[in-house]
Amino acid sequence: MLSPPAVIVDHISGVYNVVKEMKNTAINRPTYTVVGIVDKDVTYKPERKPAYFDDFQLEEVGDRLTYGRKPGTNQHLILVDKAIESFLLWNAEKVRLDVTLYDFSASIKVFCKQVKSTTISSDPNYIQLLTDLHALKAPGFLTLERILNDFIVT
């Protein structure tokens with residue numbers, strides 16, 4: 001969740017938990033700017049796609065990102081590649097960054113298991129990987145930053 005003037009970041013695992021939080025915020029804090037960031041693969045099968053997403057106007061913005069806004073609200077949705085893991089590996093490949101230097105596997109299956117850890121957000125190697133992807137101007141990171149800046153700064 002993002003709320004001016006301070007920015008509140010609330011990491012929530014799982015698309016249905018993200019939807020629940022977005023709904024609750026829309027009801028209890030309608031002036032907040034809310035950004036849900038989820039794996040795009042949840043939208044591939046209609047039976048898995050949360051009905052809440054139906055109201056968002058989505059558009060492909062490139063670099064494996066889809067952006068949407070729910071009309072008449074401050075609710076935003078960003079769909080990442082197939083999943084965050086493939087997004088990270090694709091970006092690393094684009095800037096020729098070897099993820100094995102951070103003790104991660106370049107194999108998508110192994111990488112997925114490594115970053116699904118409940119403590120990943122505090123893992124120094126993971127934080128450094130993200131920092132370096134940003135510093136090296138990985139295309140998906142630049143696009144994500146532009147999307148976020150468009151409504152956080154204004």
Side-chain angles (χ1 to χ4, degrees), residues 1-3 6-26 32-54 56 58-70 75-153:
M1 270 186 316
L2 303 173
S3 168
V7 174
I8 301 168
V9 177
D10 187 5
H11 178 259
I12 301 166
S13 296
V15 67
Y16 295 102
N17 290 327
V18 171
V19 167
K20 180 180 173 185
E21 188 64 28
M22 289 179 81
K23 284 180 179 179
N24 288 339
T25 303
Y32 276 30
T33 296
V34 179
V35 182
I37 302 176
V38 297
D39 295 346
K40 188 175 184 176
D41 65 356
V42 75
T43 65
Y44 292 167
K45 296 182 180 176
E47 67 272 11
R48 288 184 54 208
K49 180 182 175 188
Y52 191 70
F53 291 170
D54 291 343
F56 284 82
L58 299 173
E59 67 175 278
E60 296 286 330
V61 291
D63 298 317
R64 300 197 175 194
L65 294 167
T66 302
Y67 167 75
R69 182 175 183 159
K70 189 172 185 178
Q75 295 220 342
H76 306 266
L77 183 63
I78 298 172
L79 303 174
V80 179
D81 198 15
K82 178 180 178 184
I84 188 65
E85 297 85 4
S86 58
F87 177 75
L88 294 174
L89 287 178
W90 178 81
N91 276 281
E93 180 183 306
K94 288 295 181 188
V95 294
R96 297 190 172 128
L97 186 62
D98 182 358
V99 297
T100 63
L101 298 174
Y102 303 84
D103 293 328
F104 292 111
S105 173
S107 159
I108 186 69
K109 286 185 179 189
V110 177
F111 186 75
C112 284
K113 289 177 185 174
Q114 291 174 312
V115 300
K116 289 290 185 191
S117 160
T118 56
T119 59
I120 194 64
S121 62
S122 61
D123 180 306
N125 289 334
Y126 184 70
I127 293 167
Q128 190 60 55
L129 172 63
L130 298 178
T131 301
D132 291 349
L133 284 168
H134 183 260
L136 291 169
K137 299 186 185 308
F141 278 60
L142 292 177
T143 301
L144 181 59
E145 184 176 44
R146 180 185 51 76
I147 293 168
L148 293 172
N149 282 338
D150 281 350
F151 53 82
I152 293 173
V153 176

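These numbers were taken from a predicted model, which means no experiment stands behind them. Excluded from the calculations below are hydrogen atoms, water molecules and symmetry mates; all remaining heavy atoms, backbone and side chain alike, are included.
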Within the 3.5 Å criterion, strictly below it, is a donor on Asp132 or Gln128 matched to an acceptor on the partner's side chain?
yes
Correct closest heavy-atom pair for Val95 and Ala138 would be CG1-CA, 3.5 Å
Give the minimum heavy-atom separation between Tyr16 and Pro50, together with the two atoms involved.
CE2-CG, 3.7 Å
Does Lys40 have any side-chain hydrogen bond (donor to acceptor under 3.5 Å, both in side chains) partners at least two apart in sequence or in another chain, and if so, which?
Glu60, Thr66
For Asp81, give me all partners under salt bridge (Lys or Arg N to Asp or Glu O under 4.0 Å), at least two apart in sequence or on another chain.
Arg64
Compare every heavy atom of Leu142 with every heavy atom of Lys137, then report the nearest pair and how far apart it is.
O-CD1, 3.5 Å
Would Tyr67 and Thr143 count as a side chain to side chain contact (heavy atoms under 4.5 Å, CB included) if you check the C-alpha gap in whole Å, the side-chain angles of each, and the deciding distance to 0.1 Å?
CA-CA 10 Å; Tyr67 167 75; Thr143 301; over 6 Å; no
How many angstroms lie between CD in Gln75 and CG in Leu77, if you round to the nearest 0.5 Å?
9.5 Å
Closest non-hydrogen atom pair, Phe56 against Lys70:
CD2-N, 3.3 Å
Can you pull out every salt bridge (Lys or Arg N to Asp or Glu O under 4.0 Å) where at least one residue sits in residues 98-110? Sequence neighbours excluded, please.
none
Quick one: OG1 on Thr43 to CZ on Arg48, what's the gap to the nearest 0.5 Å?
9.0 Å
Determine, step by step, whether Val35 and Ile37 satisfy the side chain to side chain contact (heavy atoms under 4.5 Å, CB included) criterion, reporting the C-alpha distance in whole Å, the side-chain angles of both residues, the deciding distance to 0.1 Å, and the verdict.
CA-CA 6 Å; Val35 182; Ile37 302 176; 3.9 Å; yes
Run Leu133 and Leu129 through side chain to side chain contact (heavy atoms under 4.5 Å, CB included) and show every step you take.
CA-CA 6 Å; Leu133 284 168; Leu129 172 63; 4.1 Å; yes
Would you mind reporting whether Thr131 and Ile127 have side-chain heavy atoms less than 4.5 Å apart?
yes
Can you measure from CG (Asn17) to CE (Met22) and round to the nearest 0.5 angstrom?
13.0 Å
Ser86 side chain to Ala83 backbone, donor-acceptor under 3.5 Å:
yes
Say you draw a straight line from CG of Asn91 to CG of Leu97; how long is it, rounded to the nearest 0.5 Å?
10.0 Å
Sequence-distant partners of Lys49, salt bridge (Lys or Arg N to Asp or Glu O under 4.0 Å), two or more places apart:
Asp54
Drop me the distance from Lys94's NZ to Leu89's CG, to the nearest 0.5 angstrom.
13.0 Å
Set of residues satisfying salt bridge (Lys or Arg N to Asp or Glu O under 4.0 Å) with respect to Lys116, sequence neighbours excluded
Glu85
Kindly write out the residues that satisfy ring pair (Phe, Tyr, Trp, His ring centres under 6.0 Å) with Tyr126, not counting sequence neighbours, or none if the list is empty.
none
Shortest non-hydrogen contact from Ser105 to Ser107?
OG-N, 3.0 Å
Donor-acceptor pair, distance only, cut-off 3.5 Å: does the side chain of Asp39 make one with the backbone of Ile84?
yes
Separation of Tyr44 OH from Leu79 CG (nearest 0.5 Å)
9.0 Å
Taking atom types as modelled, find out whether Tyr102 and Gln114 have a side-chain donor-acceptor pair closer than 3.5 angstrom.
no
Around Glu59, counting heavy atoms of other residues, nucleotides and ligands shown, do more than 12 lie under 6.0 Å from its CD?
yes
Classify the angle between the aromatic ring planes of Phe87 and Phe141 as parallel (below 30°), tilted (30 to 60°) or perpendicular (above 60°).
parallel
Would you please test Leu88 and Phe104 for side chain to side chain contact (heavy atoms under 4.5 Å, CB included) and show each step?
CA-CA 11 Å; Leu88 294 174; Phe104 292 111; over 6 Å; no
Can you name the nearest heavy-atom pair linking Ile78 to Leu148, along with the distance?
CD1-CD2, 3.9 Å
